[in-house]
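Numbers here simply count residues along the sequence, with the first being 1. Side-chain atoms are counted along with the backbone in the values below, which use heavy atoms only and exclude waters and symmetry mates.
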Amino acid sequence: MVEAYAEAGGALSNQQLYERTAEKLGVQLDLFVEAEPVGEKGTKASKPTRHARWAQQTLKVNGLLERVERGVWQLTTEGKAKLRRPVKGMALLAFSTRLGIGVWGDCTDVVGGLETDITLVLTSPPYPLAKTRAYGNVREGEYVDWLCATLEGVIAKLAPGGSLMLVLGNDIFQPGSPARSLYKERLTLALNDRFGLSKMDSLIWFNNSKPPGPVQWASLNRSQLNTAYESVLWFTNDPSQVRSDNRRVLQPHRERQTRLMAAGGEQRNERHSDGAYSLRPGRSYARQTAGRIPKNVLPFGHQCADQKAYKIAAKALGLPVHGAPMPVSLCRFLIEFMTERGDLVMDPMAGSMSVAKAAELAGRRWLACEQYGEYVLGGSTRFEGQPGFWRNDALTGLAA
Ligand SMILES: C[S@@+](CC[C@H](N)C(=O)[O-])C[C@H]1O[C@@H](n2cnc3c(N)ncnc32)[C@H](O)[C@@H]1O
């Protein structure tokens, strides 16, 4: 049924839907009209017709199908986006710049042919959400196996000391309970057990502009606090030669530190916490350093100029705006921390291409794959004006 609506490209009457669905299933159209007793009361109806109506309601509840008039339905923008996947095994070079390429395709079909090492895989996979987003989410019970299978090929291409960074949500709860899922812990163990990856850290992306939630457990039941962070799980295949270097992301010294350095360091002689910390005159904070080492709590709000421009451009093309874009500023910070100019950064599940745009701005080479063509086309608008920008005409056809 979904294929029938997608191929129609517009509205279908129920009669047209039955004809096309019957053809696709290789069954007689009569099946949709022959009535037989259904249910306890034995009311006469066609079972396939009832199934079709049920499926229409399910698609409607999921925001994929909308009623045009009585007996006539069409896919919503999200519904169309959901369906524009490339044929399995095929990938389209969608757009490129001098530094990178955006591919419309499933990442598992793309990475096998890669002949160069990846220094950083930075991605935000779909979370195991109970209420699914337009791009689809995998259930919690299958999540670890699904993500490991999806990432296996890219992990194999990591350079020695290369890193995998996964931006993952914290608000996944055990069914009907305010207790959080342990999926991130299970995933951490699986990445270690199955691929030998070492955990470097679980960084906190602190986002104070998140809307209040989880509504059920914070606003209604009141047993939880409002969420203000997501995790950035960081793994490497070789901690002894990990490529990260905090000197690439130093922050300006605070005024107090600048004054201390200028004065030759601390003048106090003190011991704290049973001697764990001590201040020694002329020694502590005396060394001239280039900047402050960032803390592992990363405060980045959602909104940024790049994100706003992307949304406006996608809407102008009649494309669905991605529902979970990451701030380009956060991606750029992580990329600069983890890689040097010219290194290759990959985002296998690229959505609106935020990671790719950050890599472009930071002067890193990049490779980004996204399974939905509409998101690739919308994301490609971020690169207009970048050196060497080129876009495949085959992609432009996806605009409404
Ligand atoms: C949470 S979103 C990523 C958002 C992205 N970081 C951004 O800033 O826009 C996850 C994306 O992964 C894509 N995806 C899921 N599985 C994929 C696969 N096997 N290959 C390519 N893309 C995939 C989904 O279509 C979705 O757009």
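- Note: Trp366 and Phe95 have tilted aromatic rings, judged against thresholds of 30 and 60 degrees for the angle between ring planes.
- Minimum heavy-atom separation, Lys184 to Ser231: NZ-OG, 2.8 Å.
- The shortest distance between side-chain heavy atoms of Pro348 and Leu151 falls below 4.5 Å.
- For Thr227 (side chain) and Tyr229 (main-chain N/O), no donor-acceptor pair under 3.5 Å exists by modelled atom type.
- Residues Leu279 and Arg271 fail the side-chain proximity criterion, which asks for heavy atoms closer than 4.5 Å.
- A perpendicular orientation is assigned to the rings of Tyr372 and Tyr375, their planes being inclined by more than 60° (bins at 30° and 60°).
- Closest approach of Val121 and Ile118 over heavy atoms only: CG2-CG2, 3.8 Å.
- Transitive grouping of hydrophobic side chains (ILVMFWY, heavy atoms separated by less than 4.5 Å) brings Leu344 and Val242 into a common cluster.
- In this structure, Ser198 and Asn192 approach most closely via the heavy-atom pair CA-ND2, 4.4 Å.
- The two atoms that bring Met346 and Cys369 nearest to each other are CE-SG, 3.9 Å, heavy atoms only.
- Salt-bridge check for Lys157 with Asp117: failed, with every basic side-chain N at 4.0 Å or more from each acidic carboxylate O.
- Residues Trp234 and Phe337 place their aromatic rings such that the two centres sit under 6.0 Å apart.
- Annotation for Lys315: atom NZ does not count as buried by contact number, only 12 or fewer foreign heavy atoms lying within 6.0 Å.
- Taking a 6.0 Å sphere around CG of Leu250, one finds it holds more than 12 heavy atoms contributed by other residues, nucleotides or ligands.
- Both Val154 and Leu114 sit in one connected hydrophobic cluster of ILVMFWY residues. Membership requires side-chain heavy atoms under 4.5 Å apart, directly or through other members.
- Separating the OG atom in Ser209 from the CZ atom in Phe300 is a distance of 12.5 Å, to the nearest 0.5 Å.
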Apply ring-ring contact (aromatic ring centres under 6.0 Å, His included) to residues Tyr143 and Tyr183 and explain how you reach the verdict. CA-CA 8 Å; Tyr143 195 77; Tyr183 86 101; 5.4 Å; yes
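- Taking 4.5 Å as the limit, every side-chain heavy atom of Leu120 sits out of range of all side-chain heavy atoms of Arg364.
- Separation of atoms CD1 (Ile155) and CG (Asn237) is listed at 9.5 Å; rounding is to 0.5 Å.
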Test side-chain hydrogen bond (donor to acceptor under 3.5 Å, both in side chains) on Gln56 and Tyr5 and set out the steps.
CA-CA 11 Å; Gln56 278 171 331; Tyr5 280 119; 3.0 Å; yes
For a side-chain hydrogen bond (donor to acceptor under 3.5 Å, both in side chains) check, start with the C-alpha distance between His253 and Thr289, then their side-chain angles and the critical distance, and finish with the verdict. CA-CA 9 Å; His253 280 305; Thr289 54; 2.8 Å; yes
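- Put simply, OH on Tyr285 and CD on Gln257 are 7.0 Å apart, with the number rounded to the nearest 0.5 Å.
- Grouping the Ile, Leu, Val, Met, Phe, Trp and Tyr side chains by contacts below 4.5 angstrom, directly or via other members, places Val328 apart from Trp205.
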Original post:
Going through the distances and angles, do Leu260 and Arg254 end up as a side-chain contact (heavy atoms from CB on, under 4.5 Å)?
Top reply: CA-CA 10 Å; Leu260 275 173; Arg254 294 219 168 87; over 6 Å; no
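- Summarising the local packing, CD of Gln241 is surrounded by more than 12 heavy atoms from other residues, nucleotides or ligands at distances under 6.0 Å.
- Looking only at side-chain heavy atoms (C-beta outward), Ser96 and Phe389 stay at 4.5 Å or farther from each other.
- Without hydrogens or angle criteria, Ser124 side chain to Val167 main chain gives a donor-acceptor distance under 3.5 Å.
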Would Gln15 and Leu29 count as a side-chain contact (heavy atoms from CB on, under 4.5 Å) here? Give the steps. CA-CA 10 Å; Gln15 183 57 31; Leu29 178 61; 4.0 Å; yes
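- Clustering ILVMFWY residues whenever any of their side-chain heavy atoms sit less than 4.5 angstrom apart, transitively, puts Leu367 in the very cluster that holds Leu93.
- In this structure, Thr381 contributes its side chain and Ala313 its backbone to no donor-acceptor pair below 3.5 Å.
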inquiry  = For a side-chain contact (heavy atoms from CB on, under 4.5 Å) check, start with the C-alpha distance between Arg180 and Asn170, then their side-chain angles and the critical distance, and finish with the verdict.
reply    = CA-CA 8 Å; Arg180 282 190 157 82; Asn170 199 37; 3.3 Å; yes
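- Taking a cutoff of 4.0 Å between a charged side-chain nitrogen and a carboxylate oxygen, Arg391 and Glu384 qualify as a salt bridge.
- Between Ala362 and Ile335, the shortest heavy-atom contact is CB-CG2, 4.3 Å.
- Side-chain N or O atoms of Arg365 include one that pairs as donor or acceptor with a backbone N or O of Gly342 at under 3.5 Å.
- Expressed to the nearest 0.5 Å, how far CG of Leu166 lies from OH of Tyr127 amounts to 10.0 Å.
- Side chain of Trp104 to main chain of Gln371: a donor-acceptor pair is present (N/O by atom type, distance under 3.5 Å, no hydrogens or angles).
- Using a 4.0 Å cut-off between charged side-chain N and carboxylate O, Arg194 and Asp145 make a salt bridge.
- In this structure, the side chain of Ser273 does not engage the main chain of Ala276 through any donor-acceptor pair within 3.5 Å.
- Counting heavy atoms of neighbouring residues, nucleotides and ligands inside a 6.0 Å radius, atom CD of Glu255 does not exceed 12 of them.
- Closest non-hydrogen pair, Pro128 versus Glu140, comes out as CB-CA, 3.8 Å.
- Rounding to the nearest 0.5 angstrom, the gap separating the CG atom in Asn207 from the NZ atom in Lys210 is 6.0 Å.
- For NZ of Lys60, the number of neighbouring non-hydrogen atoms (other residues, nucleotides, ligands) closer than 6.0 Å is 12 at most.
- Side-chain atoms of Glu370 do not come within 3.5 Å of backbone N or O of Met349 as any donor-acceptor pair.
- The salt bridge (charged side-chain N to carboxylate O under 4.0 Å, His left out) test with Glu266 is passed by exactly one of Arg280, Arg287, Arg256: Arg256.
- The side-chain tip of Arg382 points at the ring of Tyr310 from less than 6.0 angstrom away and within 45° of straight on.
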- Could you walk me through whether Met338 and Leu122 pass the side-chain contact (heavy atoms from CB on, under 4.5 Å) check? CA-CA 10 Å; Met338 306 303 301; Leu122 170 58; over 6 Å; no
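- Residues Thr97 and Glu360 have side chains that bring a donor and an acceptor to within less than 3.5 angstrom of each other.
- Within 6.0 Å of CZ in Arg292 there are more than 12 heavy atoms belonging to other residues, nucleotides or ligands.
- For CZ of Phe173, the number of neighbouring non-hydrogen atoms (other residues, nucleotides, ligands) closer than 6.0 Å is greater than 12.
- Met326 is not listed as a side-chain neighbour of Thr123, based on a closest heavy-atom distance of 4.5 Å or more.
- The distance from the OG atom of Ser329 to the CD atom of Gln307 is 8.5 Å, given to the nearest 0.5 Å.
- Put simply, the side chain of Arg243 reaches to within 4.5 Å of the side chain of Pro160, judged on heavy atoms.
- A heavy-atom distance below 4.5 Å is not found between the side chains of Asn208 and Pro299.
- Contact annotation: the side chain of Val232 approaches that of Leu334 to within less than 4.5 Å [non-hydrogen atoms, C-beta and beyond].
- Clustering ILVMFWY residues whenever any of their side-chain heavy atoms sit less than 4.5 angstrom apart, transitively, puts Phe195 in the very cluster that holds Met165.
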